[in-house]
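The block underneath contains the structure these notes are about, expressed in structure tokens.
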Amino acid sequence: MLVDIVNGFLGSGKTTFIQNLVKKLVPLERIVILVNDFGEVCIDGALLAQDDLDVVELSSGCICCSLAADLGRQLFDIATKVRPDRVIVEPTGVATIQGLLSVIGSLRLEKYIEAVKVILLIDAAEFKDFHAGYRTFVESQISLADIVIINKCDLVSAAEAREIRKTISTINRRATVVETTFGQVALEEMGAPPSPGDLPGGGGDECLRHHHHHHHDEKRLPTYQSFSRECEGVFDLKSLRNYFQSLNSLSQGKVVRAKGIFRCPEGWQRIDFVPATGTKITPVTYNSGNSRILIIGLDLDNLTLAGDLEKCRVTPAGNREG
């Protein structure tokens, strides 16, 4: 089976990209998607499962750290029992490609895995500031990618997109770089899979050693925390929009990403929030019962977040912490 690692920082558009990619691949291949969301409530896995896909969720931890053993068990079970043509792994937005490749390389699954391809999504609107603030993390991610997708190019000028492409090519000359919007990438732009010699445990280990020394003096990512809930009842859409928009000026913490799926009088709604671009609301087909929310940031006041969310509910119902 092929393994595609689809990585990208919080809000870069990984789930939308995977949804688009899978629609093109499903007629050709049997696919399993392994999703690791940041909080205890999995949003991305729930959305992907609505498309009748085989989805395995790993939540409340990072698959390159605390959930490494779980990742190993799941990949082994998928390889030996399901035997798909392709496994797509979507780690959290703060997982390192280096750590994930090390975990996969340690699993001794060479007889099952034909090749591993690393696909990195970049939010064009966020890239400049994010690269300046967390150079180590960003350049390490880029250096190990086979394909770098510059997403949300509609939010930047052509000159800015060219500058991002130049930065990427300086860090990683071998990577295929694709500019797009809304996570749309044609299959022919994805290139051929890496050869088996590039598997972690083979050529992959050498690649990891080569990139391990980058920029140790630069700032690392902060330790983010999450607020997550699974909620019953119906929510007012206008109130939810205001709730998510208020996260940009939250006095009790800094939010870097928020997302949710909510039952509203208008039907099910997917809500995504990224500080640089604000709130996006999209109607979705969703039949898994309860609404879900995940907020990721620093110094979050969970009691305030929960209380303000409760005010958005239009029908009384119990909710449980996710």
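Considering every non-hydrogen atom in both Gly105 and Glu110, the closest pair reads O-OE2, 4.5 Å. In plain terms, the two heavy atoms of Gly99 and Thr96 that are nearest each other are N-OG1, 3.0 Å. Pairing each heavy atom of His131 with each of Thr167, the nearest pair is CE1-CG2, 3.7 Å. Minimum heavy-atom separation, Ser226 to Leu294: CB-CD1, 3.8 Å. The two residues Lys23 and Pro27 come nearest to each other via the heavy atoms O-CD, 3.5 Å. When all heavy atoms of Ser239 and Cys312 are compared, the closest pair comes out as O-SG, 3.6 Å.
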Does Ile119 form a side chain to side chain contact (heavy atoms under 4.5 Å, CB included) with Ile88? I'd like the steps, not just the answer. CA-CA 10 Å; Ile119 303 166; Ile88 298 175; over 6 Å; no

Going through the checks in order, is the side chain to side chain contact (heavy atoms under 4.5 Å, CB included) test met by Leu21 and Val185? CA-CA 7 Å; Leu21 176 64; Val185 178; over 6 Å; no

So Ile150 and Val177, side chain to side chain contact (heavy atoms under 4.5 Å, CB included) or not? Walk me through it. CA-CA 7 Å; Ile150 308 172; Val177 182; 3.7 Å; yes

Apply side chain to side chain contact (heavy atoms under 4.5 Å, CB included) to Ile295 and Phe273, showing your working. CA-CA 9 Å; Ile295 298 174; Phe273 169 81; over 6 Å; no

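A distance-only check finds a donor-acceptor pair linking the side chain of Asn151 to the backbone of Ser12 [under 3.5 Å]. Counting only distance, with no hydrogens or angles, the side chain of Gln225 and the backbone of Asp299 share a donor-acceptor pair below 3.5 Å. In this structure a side-chain-to-backbone donor-acceptor pair under 3.5 Å is missing from Arg135 to Ala132. Between the side chain of Ser143 and the backbone N or O of Ser140 there is at least one donor-acceptor pair closer than 3.5 Å.
Side-chain heavy atoms closer than 4.5 Å link hydrophobic residues (I, L, V, M, F, W, Y) into clusters, and following such links, even through other members, never connects Val156 to Phe9. Residues Phe182 and Val178 do not share a hydrophobic cluster, defined by chaining ILVMFWY side chains whose heavy atoms lie under 4.5 Å apart. Val274 and Val255 are members of different hydrophobic clusters when ILVMFWY side chains are connected at heavy-atom separations under 4.5 Å. By the rule that hydrophobic residues join a cluster once side-chain heavy atoms approach within less than 4.5 Å of another member, Ile33 and Leu28 end up as members of one cluster. Leu303 and Leu300 fall into different hydrophobic clusters, where Ile, Leu, Val, Met, Phe, Trp and Tyr side chains are chained together by heavy-atom contacts under 4.5 Å.
Side-chain contact between Ile104 and Ile5: present, with at least one pair of heavy atoms (C-beta onward) separated by less than 4.5 Å. Within the 4.5 Å cutoff, no side-chain heavy atoms of Phe235 are placed close to those of Ile293. Side-chain atoms of Leu247 and Leu305, non-hydrogen and from C-beta on, do get closer than 4.5 Å to each other. Residues Arg257 and Asp272 meet the side-chain proximity criterion, which asks for heavy atoms closer than 4.5 Å. The shortest side-chain heavy-atom distance between Cys264 and Leu240 falls under the 4.5 Å cut-off. Under the 4.5 Å side-chain criterion, counting only non-hydrogen atoms from C-beta, Tyr112 is not in contact with Leu75. At a threshold of 4.5 Å between non-hydrogen side-chain atoms, the residues Phe17 and Ile149 count as touching. Put simply, the side chain of Thr279 reaches to within 4.5 Å of the side chain of Ile271, judged on heavy atoms.
Ring geometry for Tyr134 versus Phe130: interplanar angle of 30 to 60°, hence tilted.
Residue Arg165 qualifies as enclosed at atom CZ: its count of foreign heavy atoms under 6.0 Å is above 12. Around NZ of Lys24, the count of heavy atoms belonging to other residues, nucleotides or ligands within 6.0 Å exceeds 12.
Of the inter-residue distances, the one linking Ile122 atom CD1 with Ile168 atom CD1 reads 3.5 Å to the nearest 0.5 angstrom. Separation of atoms CG (Leu309) and OG (Ser291) is listed at 9.0 Å; rounding is to 0.5 Å. We find the CG-CD1 distance between Asn7 and Ile97 to be 4.5 Å, quoted to the nearest 0.5 Å. Distance check, rounded to the nearest 0.5 Å: CD of Glu114 to CG of Leu2 gives 5.0 Å. We find the CD-CD distance between Gln19 and Gln184 to be 10.5 Å, quoted to the nearest 0.5 Å. Between the CG atom of Leu25 and the CD1 atom of Ile31 there is a distance of 4.5 Å, given to the nearest 0.5 Å.
A salt bridge links Lys152 to Asp123: one of the charged nitrogens lies within less than 4.0 Å of a carboxylate oxygen.
In this structure, Gln269 has no side-chain hydrogen bond (donor to acceptor under 3.5 Å, both in side chains) partners at least two apart in sequence or on a different chain. With sequence neighbours left out, the side-chain contact (heavy atoms from CB on, under 4.5 Å) criterion links Asp85 to Glu29, Arg30.
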